[in-house]
Structure formats: structure tokens, C-alpha cells
Amino acid sequence: TVSGEVPEEPVVSKKSGLLYEKRLIERHIADYGKCPVTGDPLTMDDIVPVKTGKIVKPKSLTAASIPGMLGMFQNEWDALMLSNFALEQQLHTARQELSHALYQHDAACRVIARLKKERDEARSLLAQAERQAPLPASAATANVSALSNGKRVSEDGDMGPGSKQMRPGVSESIIAELTECNAALSQQRKKHQIPPTLAPVDALERYTQLSSHPLHKTNKPGISSIDINLSKDIVATGGIDSSAVLFDQTSGVILSTLSGHSKKVTSVKFVAPSNVILSGSADKTVRIWQGSEDGNCDCRHILKDHTAEVQAITVHATNNYFVTASLDSTWCFYDLSSGLCLIQVEDPSNSMGYTSAAFHPDGLILGTGTTEATVRIWDVKSQGNVANFDGHTGSITAISFSENGYFLATAAHDGVKLWDLRKLKNFRSFELYDQDTPTNSVDFDHSGSYLAIAGSDVRVYQVGSVKAEWNCIKTLPDLSGTGRATCVKFGSDAKYLAVGSMDRNLRIFGLPEGDASMES
């Protein structure tokens, strides 16, 4: 080249092939019109530009020597350190901003939690005021009176958290509503006929497992309670993992998971017409969940009237009231719409608490099972203990009234006993399992034609009479591998059985599809 340096804009001569700096060769051609090296005539048309990469430029002359390269490396190292320092500063600033944002989020969550608590307290006070306002003087006077065989919890605060609320009592209007419901249902029961759509005996004899659904967590397996919304075939399960799950039996899809309890869910119940679900837990609370059309459920009330584990929930036939039974030796009668405890009944003779509860189909009788192997029958209107059934061994694990109105089945450690409510006598006992295997669940189907019993397996009996035999028509094995079927429930028209065990699976038993189509 002319300058002896690496050209910034290199061009090459077509004639000689020599490389020049563009600005220098342009000036030389303009002045002399010939090549500066060969002396041949040269024009700008003979000059061709050479394209070079703009990203990586040619090394300077300093890179041709070791001292020059060391200097260049030092400069690049300094630039790299400055860039790294700038990145460190940006990272430090971002961390500070993130920490500040997390503190703000935590503070906001605390404020929201406090506001929610204040809102719930305000709602509770409002509901309490609404219930107390129309309370007649006669009912208020009646509520103070003591009862033989069972007494109400005093209203001055002897029962822990729940005692802070006034107990308005069961008013005359509520008693009238319960009595009217009882009269209507009793009248219907006299005309009661077995529905033609009920699954026949030979169909139940062919029942087998149709499906198994893992609804609960693997780290805390176990289903403790089952209920079915018969009109929609939706199954609710209460789990040891402290959640309840709503499952569509027809489509096989989980509709919603109800999370909020801090310990195992011991009881779940549907209040079908109002799309409400009740859940009781070992965390001493009862939650009222309001369902919506999209399948989601919101917790509407958290009831904290008990001071020990809530073991059972049962819904009255009006679907306006429900009862909870607890290990604190009390049962509470609630108004569903307000979530208010109208009365809390204490049993002085029951020191260990209640383990199960069920309303009679007509709604004026309540049955409760105790840890001391006794079944207590209560008059709902007066909250008086009107009868006791003894003879079991161990805690009463389940109670089920037949739809016929006069059979009661109770389960305990020693098996199942059948009681005639007309004569208040035990007329039959089933000792199904060995001494180490308790009977965990018992359930009459909605027609009162079949009785299901769950222990180390599930057995279905055809309902007989006081004198006629009750024949076991089907034994379904426990397929969970745990040796414990914890709960069983008949589906609509006994077309299927929902079974929960000590694993996390809900199992559906019924007729296989081929048999079902032939049956129909």
C-alpha cells in the first residue's frame, strides 16, 4: 500500500492487483492519472472496493509484538472488569427492589387477612342480631329451662370459643316448621312404594369395581367420609389430607377441591337444593361451602362452637337446619342460612364425646353415637334424651336410619346391630369381622331396600324384617390393599356404590357396561 498501514477502506486495482487506501488512490489518480507503483495509466473505473467485516476489525500493528499484545490484553481486561462491576451494581439494585416488593406483598396479605377476619366477625354479629330480633319472649323463657337427661350449654360462656355467642334457642316458629315437615313426610311414608327404577337383587349380585379415582394426596392417604348428591350423581369425599373433593361420578371429573381445614375432614354432607356442602374436621371447626354453576365452591362460614374434634354432621329433612356432633360431648343445632348455632346440647353422662350422628328421616328424632358404645336418641324439639341403646363394644362408628322410619342400623368395633324404633329393641346383630377389625360404616339405600356395611370388605344385605332374615347378597373385596374400607354410600336407585378406604382412591362399584345395558 501507499501509506504502509492497514487500510480502513481497501480497494484493489484490476490491472496490477495492488491494494490501496481508497482516499489516497483517489487523490493520486486525480493528480497524476497513473498507478503510483507501476506507472501504468489508471482510472477510478479500474479500482474495485474490497469488502471487509465491520464487527471484527483487523488487528493494529501493536498486535504484531508481544508487548503490544500484553497492552491490548490489559485494556480488554480493564474493560471487562468495568462491565462486570456495572452488572454487579445492577444485580444489587434489583435484589433490593425485589426485597422491598416482597415486604409490601407480605404486609398486604396481613392486611387482607385482618380485613377478612373483621368481615366474618361482622357477618356473624349481623346474623346473630337478625336471629335475636324476632325471638318471642316465650321462647326465650323456655330456653333457660333445664332438661332431664340432657342440658343446654349455659349462655354465660362455659364452652370456650363458641360460648362468646348468644344461643337464641329453637324458637316456636322453628319447632312449628319441624313439626309440619315431620307430618308431611310421615304421611308420604305411609304411601311409600319401592321405586320401579331400583336396582334388583340379581343386579347387585353382579356388582364389580367399575372405576378407581385418586382424589386425595399421596403423603396423607385415606378417605374418612363420603356423601352423594343423588340428583346429580356428584360424590363428596372427606380426606385425611384435610381437604374435601367434589367428584362427578358420571363424567369421572373432579369438580372442586375444598381446602381450608387444618386437620383431617371427618364428615361431608350435601344440602342438595341450595347447592351447599358442609364439612366437619378434627380442627374443631365446621365449614359451610356455597357451590356455583361453574363447579367452584366458596367458604361462606367457619363455625367454631366446638372445643374438640367435630366427628359428624347430619342435615335435617327441611334442608334449613343441620346438627354437628363432637368429641367435646356436645351437639349443636344450626340454622343453615345464617350459620348460627341456635342451641348447644351438653350430655353430662357422656364424658368421652360423640363419634357419629344422624337425623331420623322425619326430622324430629336425632341419633348420636358415643365413644362409650352407647347410642343416644334425642327429641329435637325439646333437646331431651328420650332413649338409649346399649350392647355395642367400642365407639359407635356410624348410624343410619332406614327410609321406612322404624329401622336403625348402628356400627361399632364389634359389628352391626339393628334396632326396632317401635319397640326400642335390638332384633339382629352382625358380627362380621375379627376382633381387630372394626366395622367402620353402615348405610341404608334411599329406598330402604338394601343395607351396606364396610369393614375389611364391603357387604350388601337385602333388608328383611324383624323376623325375616337379612341375606348377604354381595361381598365386595377391599381392593385398596389397606384392609380397611372406611365409608360406603349407595348411589341413586342403588345403581352403584361409592367406597372409600385408607388409600387415596374413591372406588365405584356397579354393573359392568355390558350387564347394565342388558339390565335396562
Side-chain angles (χ1 to χ4, degrees), residues 209-281 283 285-303 310 312-315 319 322 336-337 339 441 443 445-446 452 454 479-480 485-511 513 516:
Q209 179 174 305
L210 301 180
S211 57
S212 177
H213 309 278
L215 304 186
H216 292 271
K217 296 177 182 177
T218 54
N219 60 341
K220 291 184 178 180
I223 296 176
S224 56
S225 176
I226 286 180
D227 196 28
I228 301 178
N229 183 338
L230 297 177
S231 62
K232 297 181 180 180
D233 274 340
I234 297 175
V235 182
T237 61
I240 306 296
D241 62 358
S242 72
S243 66
V245 176
L246 301 186
F247 176 77
D248 188 332
Q249 192 272 330
T250 306
S251 64
V253 173
I254 294 177
L255 300 178
S256 184
T257 299
L258 313 183
S259 301
H261 286 293
S262 60
K263 295 183 179 180
K264 67 178 179 180
V265 176
T266 55
S267 182
V268 286
K269 290 292 178 184
F270 280 105
V271 188
S274 53
N275 205 13
V276 168
I277 302 98
L278 308 174
S279 63
S281 169
D283 65 6
T285 68
V286 176
R287 288 177 179 250
I288 302 178
W289 307 84
Q290 180 64 59
S292 57
E293 293 300 324
D294 60 2
N296 292 324
C297 294
D298 296 320
C299 183
R300 203 174 70 191
H301 296 290
I302 303 175
L303 313 177
V310 177
I313 300 175
T314 178
V315 180
N319 290 310
F322 66 94
L336 179 66
S337 59
S441 181
D443 180 54
D445 80 297
H446 192 62
L479 300 177
S480 69
T486 54
C487 42
V488 61
K489 197 77 177 175
F490 279 102
S492 56
D493 290 328
K495 293 289 176 61
Y496 64 91
L497 275 167
V499 178
S501 304
M502 281 310 292
D503 66 348
R504 66 194 188 109
N505 292 342
L506 168 69
R507 289 177 169 80
I508 304 297
F509 292 85
L511 272 182
E513 192 168 337

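The side-chain contact (heavy atoms from CB on, under 4.5 Å) test applied to V310 returns V286, H306, T324, not counting sequence neighbours. For K264, there are no salt bridge (Lys or Arg N to Asp or Glu O under 4.0 Å) partners at least two apart in sequence or on another chain. In terms of the salt bridge (Lys or Arg N to Asp or Glu O under 4.0 Å) criterion, R504 has no residue partners (sequence neighbours excluded). For D227, the salt bridge (Lys or Arg N to Asp or Glu O under 4.0 Å) criterion is met by K489, not counting sequence neighbours. Residues meeting the side-chain contact (heavy atoms from CB on, under 4.5 Å) test with K263, sequence neighbours left out: S281, A282, D283.
By the 4.5 Å heavy-atom criterion applied to side chains, L258 and S279 are not counted as neighbours.
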Open item on the list: Using side-chain contact (heavy atoms from CB on, under 4.5 Å), reason through Y496 and I228 one step at a time and then give a plain yes or no.
Closed with: CA-CA 11 Å; Y496 64 91; I228 301 178; 3.6 Å; yes
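Across every non-hydrogen atom of I288 and G339, the tightest pair is CD1-CA, 3.9 Å. Nearest approach of Q290 to N275, heavy atoms of both residues: NE2-O, 3.4 Å. Residues V235 and A498 come closest through the heavy atom pair CG1-CB, 4.4 Å. The nearest pair of heavy atoms linking V268 to G238 is CG2-N, 3.9 Å. The two residues I240 and K220 make their nearest non-hydrogen contact at CB-O, 3.9 Å.
Between the side chain of D443 and the main chain of F490, a donor-acceptor pair closer than 3.5 Å is present.
Below 30°, between 30° and 60°, or above 60°: for H261 and W289 the angle between ring planes is above 60°, a perpendicular geometry.
Each side chain to side chain donor-acceptor pair (under 3.5 Å) pair with one or both residues in residues 249-258, not counting sequence neighbours, appears once here: D248-S251.
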